[in-house]
Every structure is written in structure tokens, then in C-alpha cells.
Amino acid sequence: MILKTLEFSRALNALSGVIPQKNVVPILDYVMISENADIVYICGSDLEKFVSISLPAMDAFSVCLPFQLLSKTIQSLDSEYVELTKEGNEVKVVSGNSVFRMMSMPTDDFPKFPDMEQSYRVEMDKAYLQNAIKIVTPFSANDDLRPIFSGISLIFDKENVTFYASDSHVLMKVVYPAVSTEAFEVCVNKNVGK
């Protein structure tokens, strides 16, 4: 499989917020690369959050690789493209004159992404999303005894998204423009932006 090194590095960096540093479940230390024709999905999970990033790829295949090792390896490369080849349970990472080898895990062991009964498409400026999460997160509760207050509520209409967070004493509300296919509500973990 051939990927652009910079795009691959950026995708792995984006997953760093969802893959915990220490896991009791070993497969959560891995990232799954799932092939679909000329696209691969780079996937990570901590069993609460599931993130998948798509990238164009040539000769793609599916594999689970250790996240930390893969991320550091890809960040250290300076050529435009990186090639991954699979030989049994071993994956060879080749870029320029550099060759790295790492052991893979079975993709069947990776957590299954939840089935979405109904999906919605939302378009929002990345800076707005980051700013909204940064503003409302300090107002969510840190008390695990009241989990309803430890998240962020998002209410989407077709032109805006409203972010709410509260510790039961203070309520913070932020509204930003967003284009949504449907009006819907969702509650997310307050660590979604980390």
C-alpha cells in the first residue's frame, strides 16, 4: 500500500487524542488501517470514542499496527510517499532508503465501530468547532456521581449548532454557524476535543 507520508502523519496525529496512553485492552494500543478500493480508513478507539479518517491509497490492504511505533516511524520520514507491505503478521514500512518492520494484530480483534441507525451530515468550520469546545468544556462537571453534567450537549438545526455545558450551577451556551442535513441533538464526552 502506498500513502502520502504527510497525509498519513496528519491522520495518525489526529488519532492521538482518542488512543489512550495506557490500556488494559492491548488492541486499543493499535490503529486499524481498513481498505476500501482506493481509499483506506485510519481508525482508532478508546471504546468510548471512535475516530476514522479516510485517505487515498494505492494497493491498499487491512491491518492493525501499534499506534505509538507507527506514528513515530511515519513522523521520522522525509520522503513524499511511504509504502507498507504485509508478509504474514509482519508489516514492512519503506520510505526512501529507510526500512522498518513491525508486527501486526488481527483486524478481527479491533473494536467494531457502532452501527449508526441514522446518519447526519454536518459541515462546520474546524476553528469554530475547536473554539466552541474550548469555551464550554470548563463549565461541564468533573463529578462522576452526576454523569449527565460531565458531557457537552450539541443541538443542530439546519443553519447553526448550539453547544451547552453545565455543572448544575452555571450554564454555558455557544452558537456557531453550521450546515446540517437534519435537525438533531447529541451529547458527547467533554474530552472529545483532546
Q: Check whether any side-chain heavy atom of Phe139 lies under 4.5 Å from a side-chain heavy atom of Leu171, and answer yes or no.
A: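 Not in contact.
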Q.
For the backbone of Ile152 and the side chain of Ser140, can you confirm whether one donor and one acceptor N or O come within less than 3.5 Å of each other?
A. no
Q: Assess the pair Tyr30 and Phe67: is the distance between their ring centroids shorter than 6.0 Å?
A: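 Ring centroids of Tyr30 and Phe67 are no less than 6.0 Å from each other.
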(Q) Contact between Met102 and Val93 at the side-chain level, heavy atoms closer than 4.5 Å - yes or no? (A)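 Met102 vs Val93: side chains touch.
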Q: Would you indicate whether the side-chain heavy atoms of Pro177 and Met124 approach each other to under 4.5 Å?
A: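 Heavy-atom side-chain distance check fails, nothing below 4.5 Å.
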Q | Verdict with reasoning, Val161 to Val175, per side chain to side chain contact (heavy atoms under 4.5 Å, CB included) | A | CA-CA 6 Å; Val161 58; Val175 180; over 6 Å; no
Q | 4.5 Å side-chain heavy-atom contact, Val91 and Arg101 | A | no
Q. Where do Ser45 and Ile19 come nearest, in terms of heavy atoms and distance?
A.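 That closest heavy-atom pairing would be N-CG1, 4.4 Å.
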Q: Would you please classify the geometry between the Tyr176 ring and the Phe163 ring as parallel, tilted or perpendicular, with 30° and 60° separating the classes?
A: perpendicular
Q. If only atom types and distance count, is the side chain of Ser71 paired as donor or acceptor with the main-chain N or O of Gln68 below 3.5 Å?
A.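 Between the backbone of Gln68 and the side chain of Ser71 there is no qualifying donor-acceptor contact (under 3.5 Å).
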Q.
Under a 3.5 Å distance rule, please check whether Asn131 uses its side chain to pair with a backbone N or O of Lys134 as donor and acceptor.
A.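 Side chain of Asn131 to backbone of Lys134, a donor-acceptor pair under 3.5 Å: no, none is there.
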Q) So, the side chain of Asp157 versus the backbone of Asn160: is there a donor-acceptor pair under 3.5 Å, distance only? A) yes
Q. Leu47 and Phe110: same hydrophobic cluster, using ILVMFWY side-chain contacts below 4.5 Å?
A.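 Same hydrophobic cluster.
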Q: Give the minimum heavy-atom separation between Phe113 and Gly44, together with the two atoms involved.
A: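 Nearest pair, atom of Phe113 first, then Gly44: CZ-O, 4.2 Å.
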Q: Give the minimum heavy-atom separation between Glu35 and Ser62, together with the two atoms involved.
A: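 Smallest interatomic distance, heavy atoms only, reads N-OG, 3.1 Å.
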Q | Shortest non-hydrogen contact between Ile33 and Leu70, atoms and distance | A | CD1-CD2, 4.5 Å
Q: Would you check if Cys43 and Val51 make a side-chain contact, meaning some heavy-atom pair closer than 4.5 Å?
A: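 Answer no - side chains too far apart.
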Q) Do you know which two heavy atoms are closest between Pro106 and Ile27, and how far apart they sit? A)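 Heavy atoms of Pro106 and Ile27 come nearest at O-CD1, 4.4 Å.
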Q.
Looking at every non-hydrogen atom in both residues, tell me the closest pair between Thr5 and Val82 and how far apart they are.
A. OG1-N, 3.5 Å
